[in-house]
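All chains are named by letter (A, B, ...) in the order of the sequence lines, taking the proteins before the strands, and each is independently numbered beginning at 1. Note that this is a predicted model, so its numbers are computed, not measured.
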Amino acid sequence: MNLFSYAARNLRRSGQRTCIMIGAMGFAGAIMIFYAALLEGFIMTTEKNAIGMETGQVQIHVHTYLDDPDIYSQITSQDEAMAKLNRLGYHSAPRLFAFGLAAAGSSSSGVMLRGVDTEREPLVTGIHQHVKSGNWLDRNDPTGVVIGQKLARIIGVGLGDEIVIVGQAADGSMANDLYRVRGIMKSVGEGIDRAGFFMIQETFRSLFLLDEGCHEIVVVPSKNTTKSLDEMTAEIRAAIPQYEVKNWRQLRPVLARIIDMTSASLVVMLIVTYAAVGILTLNGMLMNVFERIREFGIIKALGMPPWKIFTIISLEAIMQVSIASILALFLAIPLSLYCEIHPLNLSSLAPDSATIAGIAFDPLWYCDLTSNSILLPLFFMFLFTVLAILYPALKASLIQPLKAIYHR
Amino acid sequence: MNRKSIVELNQICKIYQQGKLQVTAVDCLSLQIAQGEFSALYGPSGSGKTTVLNMIGALDEPSSGDVIIEGKTLAGMDRTALSRLRRDRIGFVFQAYNLVPVLTAYENAEFVLALQGVPIRERRQRVMSILEEVGLADLADRRPDELSGGQQQRVAIARAIAPEPAIILADEPTANVDSATANGLLDLMENLNSNKGVTFLFSTHDQRVMDRARRLIELKDGKIASDGVSP
Ligand SMILES: Nc1ncnc2c1ncn2[C@@H]1O[C@H](COP(=O)(O)OP(=O)(O)OP(=O)(O)O)[C@@H](O)[C@H]1O
Ligand SMILES: [Mg+2]
């Protein structure tokens with residue numbers, strides 16, 4: 001008779017309760033793994049939208065630009081800077097910005113005109129693949145523009161429609177010209193959705209009479225890197241000291257906080273859920289111990305040392321939580337993997353895509369089953385089980401045999 | 001010539017505090033049990049029989065006085081030492097529900113030997129021969145709930161004698177079984193006593209036990225009222 005089989009037989013003896021406990025723990029574990037995978041998916045999608053479509057990892061501006069985005073606040077030596085970045089292992093792309101008024105028919109709206117380097121931009125963002133209808137910019141179509149989906153609705157234009165742009169050129173003269181919509185974007189974020197107006201760089205330069213320079217350089221590592229965001233920022237800052245270098249966490253603090261809080265909310269949910277399951281476990285283990293109190297008294301009277309009784313009860317709990325973990329994995333992994341391919345569709349709740357605080361949230365909610373989303377829920381399940389059995393196990397192992405034998 | 005003394009109680013008292021009331025369960029009692037005895041404590045309910053057995057068995061300590069087992073005074077021994085002493089030198093047979101429900105008769109019988117760390121081969125030999133002796137060799141693989149009350153008590157006796165303890169303490173071992181079974185159990189214990197020299201101390205109300213016991217110690221209000229070799 002070893003302790004292991006003793007514990008296993010005790011679990012089988014109270015079979016129904018054991019099944020209920022394992023079922024409850026396993027089900028809670030499965031839900032938490034699925035939930036964690038959903039949160040990881042949410043973070044991944046949000047990052048992909050915000051960083052992968054728009055912000056990039058790091059951006060470079062002249063020092064005054066972010067506070068006062070002026071058409072004259074230009075990075076003049078952009079080719080030199082981008083060459084340096086290339087040597088350090090980064091992709092980069094220049095961007096040009098200007099405010100203007102877009103008019104079509106009797107409607108008009110303020111827009112942020114964006115001059116895109118069609119060769120370099122695809123190296124740093126995936127925005128060229130994020131067109132809802134029509135096509136992305138093409139250098140062979142200098143008057144073709146791509147606009148945000150809300151802007152298209154506001155001024156009432158569709159593919160092929162014409163838009164007049166009015167703005168102020170660099171020399172102070174009036175800049176205006178006629179363009180044709182060749183593409184409408186999917187949701188990227190409030191800024192682009194409402195006011196995004198993309199044109200190829202050459203068209204932008206001729207409209208605003210800007211021969212050289214750019215307003216922003218977007219930087220991403222050219223291959224997978226182990227460097228942290230802060231390390232990358234510091235490296236780029238050291239290489240290009242004359243300009244302001246900021247990473248996406250500094251540029252989009254709200255987004256950074258939402259992502260951080262989402263991760264933290266997982267831990268909160270884990271604690272709340274498992275605290276409830278832990279009380280169930282505690283209750284089950286207490287019933288288990290009190291039912292067998294006479295048995296513990298007798299085996300202690302016969303000379304069983306306390307640590308062995310503690311071990312028996314711990315083994316019983318560990319066996320249950322182990323089986324529950326396997327159950328949780330069996331339930332949660334297929335479900336999460338399914339939702340990696342077939343996302344939860346929230347578009348009936350939030351038509352199109354919703355933006356909150358200027359950040360676009362994809363209505364298609366994908367799972368991302370990371371090792372974290374599996375291990376964290378299981379770790380917390382073990383932790384809470386250990387906490388829940390501590391009292392019953394100590395109680396049973398430290399009880400005086402006489403009290404236990406004559407326990408009524 | 002005196003036989004070796006197994007148990008020696010010197011002026012032991014046990015006083016329970018029940019609220020404001022003090023209950024004297026055992027009152028300045030002195031007693032000696034020698035090797036090979038087959039003795040019974042008897043007396044009215046509440047006279048202190050169980051309390052005396054528990055103090056001899058190192059499950060309870062006296063409020064005053066000395067309990068000496070095989071020459072060793074229990075007072076001052078720590079928990080671990082007392083637990084060892086119970087494991088190695090004392091056999092217990094309780095009134096009922098003695099056995100571990102999830103273990104088979106065989107496993108229950110070998111329980112103490114396993115705790116002692118007796119090698120598995122030797123254990124198997126000893127336990128099988130003892131089960132043979134108590135008449136349960138065929139039922140070794142049964143769980144307690146598949147055994148009758150008398151068979152369960154036989155397993156408990158087997159478990160108690162397996163480690164060859166100095167004394168077996170049996171608190172009303174026949175209280176929960178019918179007459180025929182009680183006689184069977186008494187036959188068994190008598191045989192173990194006369195053939196193997198196992199020392200027994202009972203507590204009992206049962207006339208059948210008193211008829212068989214060779215020494216009868218009568219308790220009244222925690223004191224010895226009479227002590228004598230039975231006729
Ligand atoms: N844990 C306890 N707390 C308080 N009083 C107790 C306790 N255990 C026993 N007593 C008291 O001590 C006295 C002796 O009890 P004990 O159980 O030894 O009697 P007994 O002779 O075994 O009785 P019975 O024949 O009914 O088993 C009784 O008056 C009982 O009420
Ligand atoms: Mg009693």
Side-chain angles (χ1 to χ4, degrees), chain A residues 1-19 284-285 287-317 319-320 393-408, chain B residues 14 16 50-51 53-61 78-117 120 123-124 127 143-145 152 156 159-160 162-163 165 168-169 171:
Chain A
M1 184 260 330
N2 60 31
L3 298 182
F4 221 75
S5 90
Y6 192 166
R9 289 188 207 179
N10 274 317
L11 289 184
R12 232 182 305 146
R13 176 160 59 131
S14 46
Q16 196 176 350
R17 183 164 59 229
T18 305
C19 287
M285 290 311 291
M287 277 167 70
N288 226 343
V289 165
F290 280 121
E291 267 177 14
R292 283 150 61 194
I293 203 89
R294 216 189 119 84
E295 175 185 332
F296 291 131
I298 286 183
I299 61 179
K300 274 197 92 168
L302 296 178
M304 179 86 118
W307 70 265
K308 278 197 175 175
I309 295 179
F310 191 89
T311 307
I312 289 168
I313 294 174
S314 305
L315 277 175
E316 286 174 25
M319 284 177 190
Q320 290 187 76
L394 281 175
K395 176 124 191 136
S397 54
L398 295 180
I399 193 157
Q400 286 180 8
L402 198 61
K403 276 197 185 140
I405 292 169
Y406 297 100
H407 177 84
R408 272 166 270 266
Chain B
K14 182 71 190 180
Y16 288 110
T50 299
T51 310
L53 284 190
N54 286 340
M55 287 190 287
I56 295 172
L59 289 171
D60 204 354
E61 26 178 303
D78 65 13
R79 272 184 182 225
T80 316
L82 290 173
S83 171
R84 282 259 161 83
L85 176 101
R86 287 197 303 267
R87 184 188 76 186
D88 296 341
R89 301 312 301 149
I90 298 181
F92 291 95
V93 179
F94 299 98
Q95 185 175 332
Y97 313 112
N98 264 305
L99 305 177
V100 178
V102 294
L103 301 182
T104 62
Y106 176 84
E107 288 164 332
N108 267 291
E110 72 161 358
F111 192 92
V112 179
L113 295 182
L115 285 179
Q116 287 176 332
I120 199 147
R123 212 152 78 198
R124 175 133 208 116
V127 171
R143 299 270 167 88
D145 58 5
Q152 288 183 32
R159 181 182 67 194
I168 292 183
L169 304 172
D171 193 1

Looking only at heavy atoms, what is the nearest atom pair of [X] and [Y], with distance?
| X | Y | answer |
| --- | --- | --- |
| A/Ile298 | B/Asn98 | CG2-O, 3.4 Å |
| B/Leu115 | A/Lys308 | CD2-NZ, 4.0 Å |
| B/Val100 | A/Glu295 | CG1-OE2, 3.5 Å |

**OP:** Name, in order of residue number, those residues of residues 83-92 of chain B that have a heavy atom at a distance of less than 4.5 Å from a heavy atom in chain A; otherwise write 'none'.
**Re:**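 When heavy atoms of chain A are the reference, residues 83-92 of chain B contributes B/Ser83, B/Arg86, B/Arg87, B/Phe92 within the under-4.5 Å range.
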
**OP:** Check the pair A/Arg9, B/Leu103 against side chain to side chain contact (heavy atoms under 4.5 Å, CB included), reporting the backbone distance first and the verdict last.
**Re:** CA-CA 8 Å; A/Arg9 289 188 207 179; B/Leu103 301 182; 3.8 Å; yes

Subject >> CD on B/Gln95 to CD1 on A/Ile405, rounded to 0.5 Å >> reply: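 One finds 12.0 Å between CD1 of A/Ile405 and CD of B/Gln95.
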
Original post:
Which distance, rounded to the nearest 0.5 Å, do you find between the CG of B/Leu59 and the NZ of A/Lys403?
Top reply: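 One finds 13.5 Å between CG of B/Leu59 and NZ of A/Lys403.
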
**OP:** Return the option, out of B/Asn54, B/Ile120, B/Thr50, with the maximum number of heavy-atom pairs under 4.5 Å with chain A.
**Re:**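 Of the candidates given, the most pairs with chain A belong to B/Asn54.
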
Original post:
Under a 4.5 Å heavy-atom cut-off, does chain A meet the side chain of B/Tyr106, its backbone, both or neither?
Top reply: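 B/Tyr106 has no heavy atom closer than 4.5 Å to chain A.
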
Original post:
Relative to chain A, which segment of B/Asn108 carries a heavy atom at a distance below 4.5 Å: side chain, backbone, both, or neither?
Top reply: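 Looking at B/Asn108, nothing touches chain A.
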
Original post:
Do A/Met304 and B/Phe111 come within less than 4.5 Å of each other through their side chains, counting heavy atoms only?
Top reply: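 Heavy-atom side-chain distance check passes, below 4.5 Å.
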
